[in-house]
Amino acid sequence: MKVREPALAGTWYKGKADELRKTITNFLFKVPTSVTEQYKDATIVGLVSPHAGHEYSGQCAAYGYAAIKDKSYKRVVIMGPSHHAGFKGVAVTNATHYKTPLGTVEIDQPVCQALLKNADLFSVHPDADALEHSLEIQLPFLQTVITGYKLVPLIIGDVRDKELAAVAKAIRQITDNETLVIASSDFTHYGPRFGYVPFEDNIKENLRKLDGGAIDKIVSLSADGFTKYINSTGATVCGYRPIAILLHLLPKETQANLLDYYTSGDLLGDYTDTVSYASICFTAGGQRQCDEHILDEPEQKFLLKLAREALRMHFKSGKMPSVDEAKLTPRLKQKFGVFVSLHKNKELRGCIGNFEPVVLYKAVMKQVIESATGDPRFEPMTAAEESGVHIEISVMPPMKKIHSYKEKVSFYRKISEDAIECLICPKHCKVLNHQRGTCGNKENDDGVYYSLVYSRPCTITTGDPIEKKPFFHFLPGAKTLSLATAGCNFGCKFCQNWQISQAKPEEIENSAATPEDIVKQAKETNLTVIAFTYGEPVGFYEYMLDIARLAKEHNIKTVMISNGYINEKPLWEVCKHLSAVKVDLKSFSDDFYKKYCNGTLQPVLDTLLTLKEIGIWYEIVVLLIPTLNDSEQEIQAMCEWIKDNLGADVPMHFSRFHPMYQLANLPRTPLKTLEQAHTIAKKNGLNYVYLGNVSPHTAESTYCPGCNKVVIERKGYTIGQYNVKEGKCTACGRPIPGIW
């Protein structure tokens, strides 16, 4: 018998059996009984569990172990990162037992030997095991909550991202329905001690956002999306490889739930150096899946009562009802799309919804308020009307990933037996057989170029105001149906929607929605504008074109929110059916475009000139990023070009940058910088200049260049005064260009 002796007893956790047992028991006792009740009959197949010292991460870890308490497993696979030894692949122990003060656990030697047969990925590295804490820290919990299992301890070394799926496949061969797989990992290690300081302000909130992005990928079971998130943000999740391997090997029907999250900074009240911890549970089988997605009668009654209470409290205090999640059924906490319709005297009084999945009970509260106060077809509801309003709630099943829907791309040419050239955007990607272009959502399939995102939106939102896009001279106050697919022909380091734009279609959830479906949904919700936004519409050109063509037949307007990186011929074609275009002018520097956007400036300027020639309505947005594109000289040159080439009446929006994506280290744009840009633009003779992301500000409103009166008053996305009639200022009669 070869025993791996404990290396951490007495330091990272209690060294005496009775003290250790008491500590673990106290951690488990503090876990709400709702957790154990919720998972009592569930088949739990995996956990993500932290591995810091018990005094820091023990309470978080206890949530996962409380969920598996007294369950039966014949094998537990624990995967942890290597903190002390460098090696390629996965280290398999040659010990027969692992030991802690609570006793020994037998190693499943036949399974370990089976893994070692795959010598390219698995090998024995005794030094890796000697001091490693990521596995040992889990054992006292396991020894307390379950019995009768054998252990498979795996230390993950230098495994390249493209090898993660192969490791998962090998491990999957030794798992069955009596196997539990644990990925041992802490989350972000923040501070000078760890050499990771991506932000210095609002550390607690920013950590939650950073960790939340990783956790969202985990609970959506997106292995590639999770890995890409780690690589793009640099988030210091030490066990990201074990987590990614776990995500690769989980069954398709698995459901994931975050059980607990906090940071060491929360415990100590000091965020100078802090580590984050999360406990995540993965379940398989019918208990947690809500396969039919049908609410039972008590759940329906609860939501109707909650909606009524939310409406009543909104009018009374502006607050939302307090909900004890511990008392809710799993289905009420699952994510769905939701529409809430309000009727009075059998006539529609408001209807707002969202296809994008949101926690059900939260979505109902939000949408009932939106329906009552935000439906542009009706005056906002008053408190006096509340009691007489009939509430209907429609719950949409979660969107499902689809993989095979393809549509031939319109603009490309075959340049050899093995390659095609894409003609949609100025990149002119040369794509070999079975390869993709820069945008990641088109593929050469034996000489035919296909879109992989046609009828596959990854997000659909209803009720967004047109001012959010932003359009200020296009149907003010209109609400939109907004949609996007995965992929983009740019790679902006400051993208606020990078989870969509920088993802491949297979990396995120997609719904099935044909152009007919989109137009039908817009009609049924009485939305008069469809917006192609969030990602880059040029990437889903064929889908956008067919929706725009069909929408026009039904008197629904369509708008494209774009980086403007599109060739002239496809631009002319789609503009036959679009009503307006918003172009993001990233900078007036070609160097900036090359360094921060993976593009060039001139094609965007060409697009603006073409839009003017076509005669379609368009507006320009410039995101000012401190130290990168906000110099007075650059803004001056930009405004001079716009005035000389496009004219004085094109709306110009200067928008505030917030630390985001790969530029999270930069500060947000000072208001003074934005106001200086506004001054420069006005001095250059531009008539309609706006500031964004700074509400409330006087530069959100539209002023008549003739009499300087407010013609459209804005505060955020809310319209106040509206003094435009038949396209003219009501005070002096001067035409105000736009679509009114």
Side-chain angles (χ1 to χ4, degrees), residues 32 34-35 37-39 41-42 219-220 255-258 283 286-375 378 380-383 385-400 459-463 479 481 509 511 521 524-527:
S34 58
V35 173
E37 283 297 310
Q38 186 172 341
Y39 292 93
D41 299 320
V219 298
S220 64
Q255 297 288 301
N257 291 276
L258 176 66
T283 60
Q287 291 87 351
R288 294 284 301 158
Q289 286 181 249
C290 308
D291 287 335
E292 296 180 353
H293 308 297
I294 298 174
L295 303 179
D296 59 28
E297 186 174 349
E299 289 169 330
Q300 294 175 29
K301 289 182 177 179
F302 170 82
L303 289 178
L304 286 169
K305 182 179 179 182
L306 181 64
R308 178 70 65 185
E309 185 179 358
L311 200 56
R312 188 174 294 127
M313 287 186 64
H314 171 77
F315 289 122
K316 185 176 181 180
S317 64
K319 297 180 179 180
M320 287 287 195
S322 177
V323 178
D324 184 357
E325 282 200 357
K327 296 181 179 180
L328 300 183
T329 64
R331 219 166 358 222
L332 295 173
K333 293 180 283 187
Q334 193 174 342
K335 292 184 178 181
F336 294 91
V338 172
F339 275 77
V340 176
S341 300
L342 306 177
H343 292 82
K344 186 173 181 181
N345 299 325
K346 297 185 179 181
E347 296 289 335
L348 185 65
R349 186 63 179 84
C351 178
I352 297 287
N354 194 333
F355 292 102
E356 188 173 0
V358 179
V359 174
L360 180 54
Y361 81 90
K362 294 180 180 179
V364 167
M365 290 192 290
K366 177 184 177 182
Q367 299 302 343
V368 72
I369 303 303
E370 286 290 318
S371 297
T373 63
D375 193 323
F378 307 98
M381 186 182 294
T382 64
E385 294 180 89
E386 179 270 319
S387 61
V389 167
H390 176 72
I391 301 174
E392 291 182 2
I393 301 171
S394 300
V395 179
M396 266 53 92
M399 293 185 287
K400 296 181 179 180
T459 183
I460 305 174
T461 304
T462 58
K479 295 294 194 295
L481 185 154
E509 292 295 320
S511 61
Q521 294 295 350
E524 289 180 347
T525 51
N526 292 312
L527 297 173

Decide yes or no for R331 and L360: does some side-chain heavy atom of the first lie under 4.5 Å from some side-chain heavy atom of the second?
no
NE2/H390 to CG/L304 distance, rounded to the nearest 0.5 angstrom?
8.0 Å
Taking the side chain as every heavy atom from C-beta outward, state whether M320 and I369 have any atom pair closer than 4.5 Å.
yes
A side-chain contact here means heavy atoms from C-beta on lying under 4.5 Å apart; do E386 and K316 qualify?
no
Do the non-hydrogen side-chain atoms of M381 and L311 ever get within less than 4.5 Å of each other?
yes
Distance, nearest 0.5 Å, that separates OH of Y361 from CG of L328:
6.5 Å
Closest non-hydrogen atom pair between P380 and E385, with its separation
O-OE2, 4.3 Å
Would you give the length of the straight line joining atom CG of L342 to atom CD1 of I391, rounded to the nearest 0.5 angstrom?
6.0 Å
Which value, rounded to the nearest 0.5 Å, describes the distance between E524 atom CD and S341 atom OG?
10.5 Å
Contact between K335 and V358 at the side-chain level, heavy atoms closer than 4.5 Å - yes or no?
no
Where V389 and R308 come nearest, the two heavy atoms and their spacing
O-NH2, 2.6 Å
OG1/T329 to CD/Q38 distance, rounded to the nearest 0.5 angstrom?
9.5 Å
Tell me whether T283 contacts the main-chain N or O of A42 through its side chain, where contact means a donor paired with an acceptor under 3.5 Å.
no
Of all heavy-atom pairs linking P321 and M365, the shortest is CD-SD, 3.6 Å
Main-chain N/O of S387 paired with R312 side-chain donor or acceptor, under 3.5 Å
no
Heavy-atom closest contact (I393 atom, V364 atom, distance):
CD1-CG1, 3.8 Å
Between N257 and K333, is any pair of side-chain heavy atoms under 4.5 Å apart?
no
